[in-house]
Amino acid sequence: MKSIIKKVVCVPLCVIMLLSFSACGGGNDTKKTTEPQSKNGHKDFITIGITDEPNSYNPYCATSTAGDTVFDYIYDRLVYTDSKGNFSPRLADKWESSNDGKVITFHLNPKVKWHDGEPFTAKDMVFAAQVGSSKDSTVTRRSYFSSLEGTDDNGVCTDLTKLGVVAVDDHTLEYYFKKPIAVSTFLYVDAQRYYPIPYHILKDVPMAQMEKNDYWKHPIGTGAFKFDSNVSGESITLTANKDYFLGAPNVDRIVFKKMDASNFAAGLTSGQIDLADQVPLADMQLLQSTKGLNAKTVPSLLYTYMSVNCSKDYFKDVRVRRALSEAIDRKTIVKQALYGFGDIAVSSLTANNPYFNKEVDGDPYNPEDAKKLLQEAGWDFNRELTFVSYNSNPARVVATTIIQQNLKAIGVNVKVQIVDWPTLIDMNRQGKFDLSILGGAGSFDPDDSRVLMQPGGAQNFCQITDPRYYDLAQKGHATVSKEEKTKIYYEYQKLLHDEPTYIWLYHNDEAVVAKDTIQNMPMEDFINLNYKAYAWTFTE
């Protein structure tokens with residue numbers, strides 16, 4: 001039995017970065033508001049605006065964080081992160097790491113139950129990992145399991161009896177890793193996508209048939225709200241879990257209404273919707289001056305990038321990819337697409353991240369040098385590139401137009417193709433594009449972008465086959481020492497800066513708007529998929 005270092009207090013990000021192996025766990029940190037809890041503190045229903053719906057209610061088949069937004073209400077995760085990088089317990093009461101950094105143990109809350117009343121146990125998390133990593137499963141998020149014993153570099157497990165997840169007993173769960181891992185890295189990145197799956201319901205379903213099982217038409221979870229119904233392309237309805245282990249929610253029903261983001265402002269001012277995040281920044285000045293609304297812009301970890309299809313012969317010369325980066329006027333994008341609510345990006349990390357390499361800092365914009373690089377690379381100026389963008393993110397639509405103009409200014413002809421979000425993802429995965437625009441949720445840990453670099457991985461949107469990027473990211477992922485980790489990620493960022501595969505564009509603030517009658521809502525934590533809807537109260 002490996003010796004264990006136990007920590008049972010929550011610590012801020014700056015302290016977490018100094019820890020080698022141990023992490024924190026504590027009690028429920030939710031404080032009830034002083035607003036009235038009786039008739040005036042309760043709501044029959046609220047409506048939340050969303051731009052995209054989950055492509056599947058199997059969380060391991062999700063193609064974007066659009067699904068995670070809804071999943072947070074239905075399911076729970078082991079541990080949650082706030083806007084300052086602090087961890088707080090949810091399914092797990094506390095956790096600790098072994099001395100060698102290769103085992104993390106979670107002690108699960110014995111009060112948690114599934115929506116059908118069955119107890120939640122460690123078996124459910126083991127089963128979830130099996131579904132997410134099985135060679136026979138058709139999932140999109142295998143990479144989050146690639147650190148576990150028994151999986152390959154793609155997160156695929158060919159023998160589930162050797163998968164490094166063990167239910168010691170009903171309320172003790174152990175994860176075994178191929179190499180030492182910092183607890184903060186695991187909690188910030190991989191564990192943020194670990195959702196429970198009910199073993200007692202799905203244990204007899206073959207892995208190859210799991211995704212298409214009828215269960216996903218009406219799934220259950222452990223969360224504060226139960227799935228009720230959905231009308232594809234229109235709405236998703238959830239009802240309150242009156243037996244939720246952290247207390248019954250103060251609203252009986254939540255309706256997610258699918259709509260174009262450009263209609264959020266009208267919906268909020270008219271009362272058609274009560275809440276929306278990812279509100280177009282163009283609308284924030286109006287909404288901040290509208291009586292009855294609480295409209296906030298919150299600095300985020302989000303990043304948007306232009307993906308370059310590195311499988312194309314004409315993008316293999318690094319000078320071409322550097323030229324594309326130097327041609328883009330990021331400051332104009334921030335000004336016109338974000339209305340000043342954000343910063344230019346030169347890395348997936350924000351400039352205030354402890355792991356940010358200041359050597360890559362500074363605006364790369366240099367159109368004259370970009371022209372020279374293209375000429376040196378022998379670029380065919382008669383070639384026309386296809387830039388695939390999508391129609392549900394107004395800022396990225398504007399950014400696409402600006403980039404098209406920037407590239408034209410250096411002699412690169414670009415045709416823009418606007419599609420919907422699911423089509424964009426499919427085209428990126430199949431390599432049916434030259435350029436494309438996507439983004440990531442970001443993390444306090446630099447490991448967040450690793451999955452984008454994995455040759456053959458589902459999120460390798462740049463189609464890169466050069467292993468250097470992923471190998472460096474993997475090395476950083478498997479390093480516990482902060483000093484060594486920093487050196488590796490400095491090198492990783494420098495490689496991406498000098499030989500770009502993705503061209504970082506901007507870090508946008510997150511815009512959240514809600515009726516001011518909704519209280520105890522942690523708007524600043526929404527960027528970490530931490531909505532705490534069970535704790536919301538209402539003044540009318």
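These values consider heavy atoms only, across backbone and side chains, with no hydrogens, waters or symmetry-generated copies.
Remark: the backbone N or O of T63 is paired with a side-chain donor or acceptor of N55 at under 3.5 angstrom.
More than 12 heavy atoms of other residues, nucleotides or ligands shown are found within 6.0 angstrom of NZ on K242. Remark: Y339 OH is loosely packed, at most 12 non-hydrogen atoms of other residues, nucleotides or ligands lying under 6.0 Å away. Within a 6.0 Å sphere centred on NZ of K258, other residues, nucleotides and ligands contribute more than 12 heavy atoms. Within 6.0 Å of CD on Q288 lie more than 12 heavy atoms contributed by other residues, nucleotides or ligands.
A ring-centre distance under 6.0 Å is not found for F356 and Y489. Between H42 and F538, the distance separating the two ring centers is not shorter than 6.0 angstrom. Aromatic rings from Y194 and Y144 are positioned such that their centres are separated by 6.0 Å or more. Remark: aromatic rings of Y188 and F87 are close, center separation under 6.0 Å. Taking the six-membered ring for Trp and the full ring otherwise, F225 and Y75 have centroids separated by 6.0 Å or more. Aromatic rings of W421 and Y390 (six-membered ring for Trp) have centroids within the 6.0 Å cut-off, being under it.
Put simply, CG on N357 and OG1 on T486 are 10.0 Å apart, with the number rounded to the nearest 0.5 Å. How far CD1 of I527 is from CG of L301: 4.5 Å, rounded to the nearest 0.5 Å. The distance from the CG atom of N528 to the OG1 atom of T81 is 5.5 Å, given to the nearest 0.5 Å. Note that CD1 of I236 and OG of S229 are 9.5 Å apart. Values are rounded to the nearest 0.5 Å. Interatomic distance, W536 CH2 to D274 CG, rounded to the nearest 0.5 Å: 9.5 Å. Here CZ of F186 is found 10.0 Å from CD of Q192. Values are rounded to the nearest 0.5 Å.
Using a 3.5 Å distance cut-off with no hydrogens or angles, the side chains of D445 and T185 do pair a donor with an acceptor. Defined by atom type and a distance below 3.5 Å, a donor-acceptor pair is missing between the side-chain atoms of E484 and T479. Side-chain contact check for T304 and R396: at least one donor-acceptor pair (N or O, by modelled atom type) lies under 3.5 Å. D76 and Y244 form a side-chain donor-acceptor contact under 3.5 Å, judged by distance and modelled atom types alone. Side-chain contact, R450 with S143: no donor N or O sits under 3.5 Å from an acceptor N or O. For the residue pair H507 / S300, no side-chain donor-acceptor distance below 3.5 Å is found, with atom types taken as modelled. The closest side-chain donor-acceptor pair between S56 and N58, if any, does not fall under 3.5 angstrom. Defined by atom type and a distance below 3.5 Å, a donor-acceptor pair is missing between the side-chain atoms of N520 and T537. D525 and Y531 form no side-chain donor-acceptor contact under 3.5 Å, judged by distance and modelled atom types alone.
Salt bridge annotation for D68-R77: absent, with no cationic side-chain nitrogen under 4.0 angstrom from a carboxylate oxygen. Using a 4.0 Å cut-off between charged nitrogen and carboxylate oxygen, K331 and D343 do not count as a salt-bridge pair.
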Could you check Y506 against Y303 for ring pair (Phe, Tyr, Trp, His ring centres under 6.0 Å), going step by step and ending with a plain yes or no? CA-CA 6 Å; Y506 57 81; Y303 54 89; over 10 Å; no
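A 4.5 Å side-chain heavy-atom check between T51 and F264 finds at least one atom pair inside the cut-off. The closest side-chain heavy-atom distance from F145 to R193 is not below 4.5 Å. Counting heavy atoms from C-beta on, the side chains of I425 and N428 never come closer than 4.5 Å. Looking only at side-chain heavy atoms (C-beta outward), L187 and S184 stay at 4.5 Å or farther from each other. Put simply, the side chain of L529 reaches to within 4.5 Å of the side chain of T69, judged on heavy atoms. Put simply, the side chain of Y502 does not reach to within 4.5 Å of the side chain of M306, judged on heavy atoms. Taking the side chain as every heavy atom from C-beta outward, L349 and Q493 approach each other to under 4.5 Å. Using a 4.5 Å heavy-atom cutoff, the side chains of L78 and M125 are in contact.
The two atoms that bring S270 and G267 nearest to each other are OG-O, 3.3 Å, heavy atoms only. Closest of all the heavy-atom pairs between Y534 and G247 is CB-O, 4.2 Å. In this structure, N391 and V397 approach most closely via the heavy-atom pair CA-CG2, 4.3 Å.
Cation-pi geometry between K482 and Y355 is satisfied (NZ or CZ under 6.0 Å from the ring centre, within 45° of the ring normal). Judged by a 6.0 Å distance limit and a 45° cone about the ring axis, R90 is positioned over the six-membered ring of Y80.
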